[in-house]
Amino acid sequence: MAAYEHLYIVTYDISDTKRWRRVFRLMKGYGDWLQLSVFQCRLSRKRHAELIALLDGIIHHSDDHVLIINVGPAETVKPSVVSLGKDFDVVERQPVIV
């Protein structure tokens, strides 16, 4: 049985370019890039906690800001999204190669 996952929107404002790049590279391993500092992620509880711990170790709490928005259960949530310009696709379940 697959892990129970939620869909998250992660957005961040990182004041230092070097830290911004580190966060961006980290996020690419956890979700799909939507815009400059916005990702959508499909995460189990374990991966969610792992992501938070890793981000917490990168950012400077007095200078940076990360928002992680829980949209709901990934299998049943139907996000209501208005997308202008490029198409928006909700991230689908994909196999993870370890």
Side-chain angles (χ1 to χ4, degrees):
M1 182 173 164
Y4 184 71
E5 297 174 321
H6 275 229
L7 182 65
Y8 296 91
I9 301 298
V10 180
T11 182
Y12 49 91
D13 183 12
I14 308 297
S15 62
D16 176 73
T17 305
K18 189 174 182 179
R19 280 195 316 276
W20 182 90
R21 282 191 197 104
R22 286 184 64 202
V23 170
F24 181 79
R25 283 193 303 269
L26 174 69
M27 290 306 306
K28 284 177 70 174
Y30 282 85
D32 290 343
W33 181 54
L34 297 179
Q35 292 185 342
L36 186 58
S37 295
V38 181
F39 280 78
Q40 69 173 327
C41 306
R42 194 181 166 127
L43 304 171
S44 66
R45 290 177 107 181
K46 180 181 177 184
R47 298 249 316 148
H48 178 255
E50 188 178 90
L51 176 61
I52 289 173
L54 291 169
L55 286 168
D56 193 50
I58 294 173
I59 70 167
H60 288 186
H61 293 263
S62 60
D63 301 326
D64 303 330
H65 191 206
V66 178
L67 290 175
I68 301 172
I69 303 164
N70 185 343
V71 179
E75 293 300 324
T76 59
V77 71
K78 300 275 190 238
S80 176
V81 177
V82 175
S83 176
L84 304 175
K86 294 181 182 179
D87 288 337
F88 171 80
D89 296 315
V90 176
V91 66
E92 300 292 330
R93 173 179 294 286
Q94 297 176 356
V96 176
I97 300 171
V98 180

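On a predicted model such as this, the values are computed, not experimentally measured, just so you know.
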Next on the checklist: Do K28 and R25 make a side-chain contact, defined as non-hydrogen atoms from C-beta onward lying under 4.5 Å apart?
Outcome noted: no
Item to check | Exercise: identify the closest heavy-atom pair between C41 and G31 | outcome: SG-CA, 3.8 Å
Checklist entry - Which distance, rounded to the nearest 0.5 Å, do you find between the CZ of R45 and the CD of E5? => result 13.0 Å
Checklist outcome for this item: The complete set of ring-ring contact (aromatic ring centres under 6.0 Å, His included) pairs with one or both residues in residues 54-77, sequence neighbours excluded, reads none
Checklist outcome for this item: Distance col, row R21:CZ vs D16:CG, nearest 0.5 angstrom, shows 9.0 Å
Checklist entry - How far apart are the closest heavy atoms of D63 and S15, and which atoms are they? => result CB-OG, 3.3 Å
Checklist entry - Which other residues belong to the hydrophobic cluster containing Y30, where Ile, Leu, Val, Met, Phe, Trp and Tyr are joined when side-chain heavy atoms lie under 4.5 Å apart, directly or via other members? => result Y8, V10, Y12, I14, W20, V23, F24, L26, M27, W33, L36, F39, L43, L51, I52, L54, L55, I58, I59, V66, I68
Item to check | Side-chain heavy-atom pair Y4, P73 within 4.5 angstrom cut-off | outcome: yes
Next on the checklist: Restricting to side-chain hydrogen bond (donor to acceptor under 3.5 Å, both in side chains), what partner residues turn up for N70, sequence neighbours left out?
Outcome noted: H6
